[in-house]
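Below you'll find the structure, written out as structure tokens, and then a few comments.
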Amino acid sequence: MKVFDFPGCCSANIIAGFGQTKTAEYGIRPLNNNTVDLQQLKNAIEMRKQEAIDDGLAVLVATVNNQQKVGIKALLECGFTLSPPMYKGKHPETQLILAYCPLGKVGKLSTINLDPPARDAKGRFVKKEVK
């Protein structure tokens, strides 16, 4: 298993290398499910989670494909949320699954102001009236 910085974000890491597929980019690539030990994989994930927490990160992200059954089970058992499988052009014989695990307190999306800032006719920022 390898850990990578998340491009453009200093508060996230990406973990990869779950094995069990010929299309796995990193780590072992066994095709036999019995050669990837669930407990060892969970221990490795939990170690990466603790390192990320110690480094003050907010989230860990992982990608697996639908062939990586032990990796999927380990991620779920370690508190990750998984996306539905997504079809793709590269290696179309597999589907991509995105997994993420918040490492600290999670806020509410409703507290984020999604409205663009107000501008006047010349494009300058102006104060919005509070209603």
Partner set under salt bridge (Lys or Arg N to Asp or Glu O under 4.0 Å) for Glu77, not counting sequence neighbours: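 For Glu77 the salt bridge (Lys or Arg N to Asp or Glu O under 4.0 Å) partners, ignoring immediate neighbours, are Lys42, Lys73.
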
Heavy-atom check, side chain of Asn65 versus side chain of Ile97, under 4.5 Å: no

Check: Val61 and Leu98 side chains under 4.5 Å, non-hydrogen atoms: yes

Asn66 side chain vs Thr94 backbone, donor-acceptor pair below 3.5 Å: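 No; judged by distance alone, with no hydrogens or angles, the pair does not exist.
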
Rounded distance (nearest 0.5 Å) linking atom CZ of Phe18 with atom CD of Gln68: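 Taking CZ in Phe18 and CD in Gln68, the distance rounds to 7.5 Å.
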
Spatial distance of atom CZ (Phe6) from atom CG (Asn13) [nearest 0.5 Å]: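 If I round to the nearest 0.5 Å, the distance is 10.0 Å.
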
Partner residues of Asn43 under the side-chain hydrogen bond (donor to acceptor under 3.5 Å, both in side chains) criterion, sequence neighbours left out: Gln39

Partner residues of Gln40 under the side-chain hydrogen bond (donor to acceptor under 3.5 Å, both in side chains) criterion, sequence neighbours left out: none

Measure across [X] and [Y] and return the closest heavy-atom pair with its distance rounded to 0.1 Å.
{"X": "Ala99", "Y": "Leu75", "result": "CB-CD1, 4.0 Å"}
{"X": "Cys101", "Y": "Cys78", "result": "SG-O, 4.2 Å"}
{"X": "Leu41", "Y": "Gly71", "result": "CD2-CA, 3.6 Å"}
{"X": "Phe80", "Y": "Ile45", "result": "CE1-CG2, 3.7 Å"}

Looking at residues at least two apart in the chain, or sitting in another chain, which of them share a side-chain contact (heavy atoms from CB on, under 4.5 Å) with [X]?
{"X": "Ile53", "value": "Gln50, Leu103"}
{"X": "Lys90", "value": "none"}
{"X": "Ala58", "value": "Ser11"}
{"X": "Ala44", "value": "Met1"}

Contact list for residues 43-54, test salt bridge (Lys or Arg N to Asp or Glu O under 4.0 Å), sequence neighbours left out: Glu46-Lys49

Passing candidate, side-chain contact (heavy atoms from CB on, under 4.5 Å) with Val64, options Ile72, Ile15, Leu96: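 Output: one option passes, namely Ile72.
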
